[in-house]
Amino acid sequence: MRIEFLFSEVANYLGERGDMDLLRQIFPQADFIDTPILAKPAFLDEKVDLVFLGPMSEKGQELALEKLLPYRDKLWEKIEAGQVFLTVGNGMELFGRYIETDEGERIPCLNYFPYYAKRQMLKRQAGLFLGDKAGLKIVGSKAQFTQIFPLDDGDFSRFCRVEKGMGLHKGSEGEGLHYKNLLGTHILGPFLVVNPVFTKQWLGGLFGDQNPVWPYYDLAMDAYHRRLLDLQNPKAHG
Amino acid sequence: MAGFRFRIAQALGKVCIWGMRLLGRKATHAPGVVVTKIDPNYLRHLTLPDKVIVVTGTNGKTTVSNMVKDYLEKMGFSVANNSYGSNTRFGIASALLDNSDLKGRVKTDYVLLEMDERSCLWVLPYIRTDYLLVTNLFSDSYSRNAHPDFIFSLLDRYIQPNTKLLLNAEDPISNRLALDNDRVYYSIPLLEGEEEERHSRVQDLVNCPVCQTRLEVDFIRYNHIGHYHCPNCGYRSPEPTYRVVRADLEGQNAVLGNGKEEASYKLPTSNIVDLYNILSATSILQELGFPLDKIAGLSEAISVVRSRFNLTQVGDKALYTTLAKALNPIATSRTMAFLKKEASRKAVVLANTEYKGPKMTYVENTAWLYDNDFRYLADPSIVQVICCGKRSIDYALCLALAGVPEEKVVICENHDEIADKIAYDRVDQVWLLRDTDPDELFDRMHDQIQERMEAAL
């Protein structure tokens with residue numbers, strides 16, 4: 001099994017090193033590739049089972065775009081062919097149409113899905129998150145400068161339904177993006193660590209034949225249940 | 001019109017301070033809100049003394065600001081300072097209001113402000129800043145400060161052209177702020193016998209800030225603090241004016257120099273982080289014109305504020321209380337790295353969680369926990385690690401994933417039960433890691449632990 005941490009020296013903010021560590025512990029036998037920002041992503045030319053892209057600064061996000069845009073068609077082919085790709089944080093914004101800055105500038109993105117991200121650098125959106133994915137509760141936090149707005153000329157599948165906190169944007173009922181094996185979300189925690197049931201179902205379903213290990217699963221479940229209980233308190237805030 | 005608004009603000013602000021103090025309040029924040037509401041340009045309309053110094057940065061700004069204040073006051077100068085209040089624009093406005101007359105003239109010899117780096121847009125354009133000292137820029141509260149790039153870009157945008165910068169030569173992020181401004185650097189070169197830490201969990205910068213090529217390392221002290229050069233574009237860490245010539249951290253002394261003269265300095269702790277704080281504080285004092293030997297001569301009178309580092313000796317055992325700011329993975333990791341070096345058997349109490357009362361409904365963003373270097377706590381000298389508060393299970397999970405043996409970890413949600421969980425017979429030192437507030441909680445925990453330690457003698 002091969003797992004690629006894409007642009008890992010710049011795409012590792014907001015605690016998502018925790019998810020990278022977890023992946024290393026779930027798949028101890030896997031070959032891990034750390035692809036720096038100046039290098040061509042390995043999964044474009046080689047078989048990579050899982051690509052992970054973590055949260056970046058805005059400058060890092062623009063560098064990542066600069067690197068990915070020349071491979072736009074190839075990357076889409078991979079996604080259509082079922083490439084497993086998880087991006088947590090502002091990585092999912094790269095897959096939309098554009099990012100609009102405070103100054104009104106539009107930064108062109110990969111344009112696979114009909115949405116755009118609006119940055120407001122002096123209005124950080126932060127708080128708790130509780131969602132539902134087919135009956136499974138998804139927990140975590142949010143901390144971002146952007147809100148994502150769907151465009152009218154198409155649709156895309158959300159990752160989960162919002163029960164508490166902000167989804168794609170304030171007032172949105174959906175959070176994240178889920179298309180084939182591409183999963184994008186702004187839910188932090190770290191996302192995989194704080195959602196052990198989802199992580200086991202999703203990764204177990206995709207890579208059950210790779211002898212995954214679920215480290216400290218009971219402890220992770222204790223933390224999950226405790227957080228869920230707190231989040232379900234009507235007075236909960238974050 | 002601004003003059004009228006300002007005079008009203010000044011008068012009502014003074015009344016507000018007077019009224020709050022009558023009620024036993026500190027009046028270090030609300031009066032600033034009042035005057036800024038009445039006159040949004042309040043800070044700009046004050047008349048300031050000749051020298052205005054602002055200290056900012058992710059870690060160390062409070063300590064450095066307090067040290068510089070102590071020095072100036074010990075040398076007989078008066079200082080307008082916000083050390084008793086908040087470091088936002090409101091705390092700064094309150095401090096200056098308190099130190100000014102009805103006409104808004106700040107009557108002290110110096111203005112020395114600690115500024116929250118996120119607040120720079122509300123402060124720097126409004127206050128003539130002669131010197132800006134930036135201690136460092138690291139990852140900090142993810143909800144508020146996002147990432148160092150964001151804070152860098154804010155500071156870079158709002159630093160005014162006539163401000164002279166004092167910057168850490170070992171921080172390749174902050175030392176590139178406002179490149180057109182006049183500047184000096186301070187540095188601690190790799191010390192004799194010092195072990196580098198090249199594999200810190202968080203490294204906020206590894207690529208060249210100019211061309212993005214992977215930097216080549218001359219040395220790394222911790223995280224991204226070090227000396228670098230770029231094999232592609234020629235970028236390299238800057239040459240300092242102020243430096244540590246040599247230091248014996250265990251012996252708690254150092255020799256500081258500025259290229260022309262050198263002086264011995266007695267250190268308050270053996271922590272390299274405090275050496276940075278001292279070096280930056282003495283650098284600003286030298287910039288203000290004070291000779292190095294005079295500054296060094298006062299060194300024994302300067303201490304680290306109690307809430308930041310405190311040792312209580314109980315018989316032959318020690319209870320340390322040390323600040324490890326919640327939500328700040330670097331501050332906590334540096335504290336853990338420091339305590340790990342102590343050879344004695346230790347219990348570590350991770351009480352640096354966000355605490356908003358026993359019935360709090362606030363749900364903490366735990367992402368920052370996963371950027372802590374908890375690997376330090378796997379050291380055999382650490383006998384117990386006690387996780388407190390609402391998210392104590394998250395702490396325990398984080399410790400487990402970092403490789404801290406399960407049998408060392410104690411989970412205890414109630415802060416008032418922590419003292420009962422410590423294995424006093426198996427440890428020589430207890431380290432209580434605390435957040436900035438609430439003081440009452442941490443003081444109570446300290447006293448409960450001290451009581452049990454005394455009883456166990």
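Every chain is numbered from 1 and lettered A, B, ... according to where its sequence line falls, protein lines coming before strand lines.
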- Mark yes or no for whether B/D394, through its side chain, and A/A223, through its backbone, hold a donor-acceptor pair below 3.5 Å. no
- Segment of B/L205 engaging chain A (4.5 angstrom heavy-atom cut-off): neither
- Item | B/S143 OG to A/L188 CG distance, which is reported to the nearest 0.5 Å | 8.5 Å
- Considering only heavy atoms, which portion of A/F145 lies under 4.5 Å from any heavy atom of chain B: side chain, backbone, both, or neither? side chain
- B/K421 atom NZ, over 12 foreign heavy atoms within 6.0 Å: no
- Atom NZ of A/K123: over 12 foreign heavy atoms under 6.0 Å: no
- Query: In this structure, are over 12 heavy atoms from other groups packed under 6.0 Å from B/R157 atom CZ?
  - Reply: no
- Message: Rounded to the nearest 0.5 Å, what separates atom CD1 in B/I411 from atom CG in A/D222?
- Response: 7.5 Å
- Task: Evaluate the side-chain proximity of B/Q212 to A/L63: yes if any heavy-atom separation is below 4.5 Å, no if none is.
- Result: yes
- Task: Using a 4.5 Å cut-off on heavy atoms from C-beta on, say whether the side chain of A/V194 contacts that of B/L397.
- Result: no
- Non-hydrogen atoms of chain B under 4.5 Å away: do they reach the side chain of A/A126, the backbone, both or neither? side chain
- Query: Crowded around A/D45 CG? As in, over 12 foreign heavy atoms under 6.0 Å?
  - Reply: yes
- Separation of B/L399 CG from A/Y216 OH (nearest 0.5 Å): 10.5 Å
- Counting heavy atoms not belonging to A/E173, are there more than 12 under 6.0 Å from its CD? no
- Task: Tell me, for B/R144 versus chain A, whether the close heavy atoms (under 4.5 Å) come from the side chain, the backbone, both or neither.
- Result: backbone
- Query: A/I37 versus B/R214: any side-chain heavy-atom pair under 4.5 Å?
  - Reply: no
- Taking every heavy-atom pair that is under 4.5 Å apart, which of A/Q144, A/M56, A/E58 has the most such pairs with chain B? A/E58
- Between B/R118, B/E413, B/E406, which has the largest tally of heavy atom pairs under 4.5 Å with chain A? B/E413
- Task: Would you mind checking which part of A/Q125 comes under 4.5 Å of any heavy atom in chain B, side chain (CB onward), backbone (N, CA, C, O), both or neither?
- Result: neither
- Message: Is B/T213 in contact with chain A via its backbone, its side chain, both, or neither, using a 4.5 Å heavy-atom distance?
- Response: both
- Interface check, chain B: of A/K142, A/R226, A/K235, most non-hydrogen pairs under 4.5 Å belong to A/R226
- Output the distance between atom CG (A/N12) and atom NE2 (B/H147), rounded to the nearest 0.5 Å. 11.5 Å
- Task: Measure across B/I393 and A/L219 and return the closest heavy-atom pair with its distance rounded to 0.1 Å.
- Result: CG2-O, 3.8 Å
- Message: Is A/D21 close to chain B through its backbone or its side chain, or both, or neither, when contacts mean heavy atoms under 4.5 Å?
- Response: side chain
- Query: Does A/Q25 reach the main-chain N or O of B/L401 with its side chain, forming a donor-acceptor pair under 3.5 Å?
  - Reply: yes
- Query: Taking all atoms of both residues into account, what is the closest heavy-atom pair of A/P190 and B/Y370, and its distance?
  - Reply: CD-CD1, 3.1 Å
- Query: Between A/V10, A/D19, A/L38, which shows the greatest number of heavy-atom pairs under 4.5 Å with chain B?
  - Reply: A/L38
- Backbone N/O of B/V202 and side chain of A/R17: donor-acceptor pair under 3.5 Å: no
- Query: Using non-hydrogen atoms only, which part of B/N372 is less than 4.5 Å away from chain A: side chain, backbone, both, or neither?
  - Reply: neither
- Find the distance between CG (B/D204) and OG (A/S57) and round it off to the nearest 0.5 Å. 10.0 Å
- Item | Heavy-atom proximity to chain A below 4.5 Å, by part of B/L369 | neither
- Heavy-atom proximity to chain B below 4.5 Å, by part of A/L14: both
- If you measure from OH on B/Y142 to CZ on A/R124, what distance do you get to the nearest 0.5 Å? 11.0 Å
- Tell me yes or no: between the side chains of B/T366 and A/R227, is some donor less than 3.5 Å from an acceptor? yes
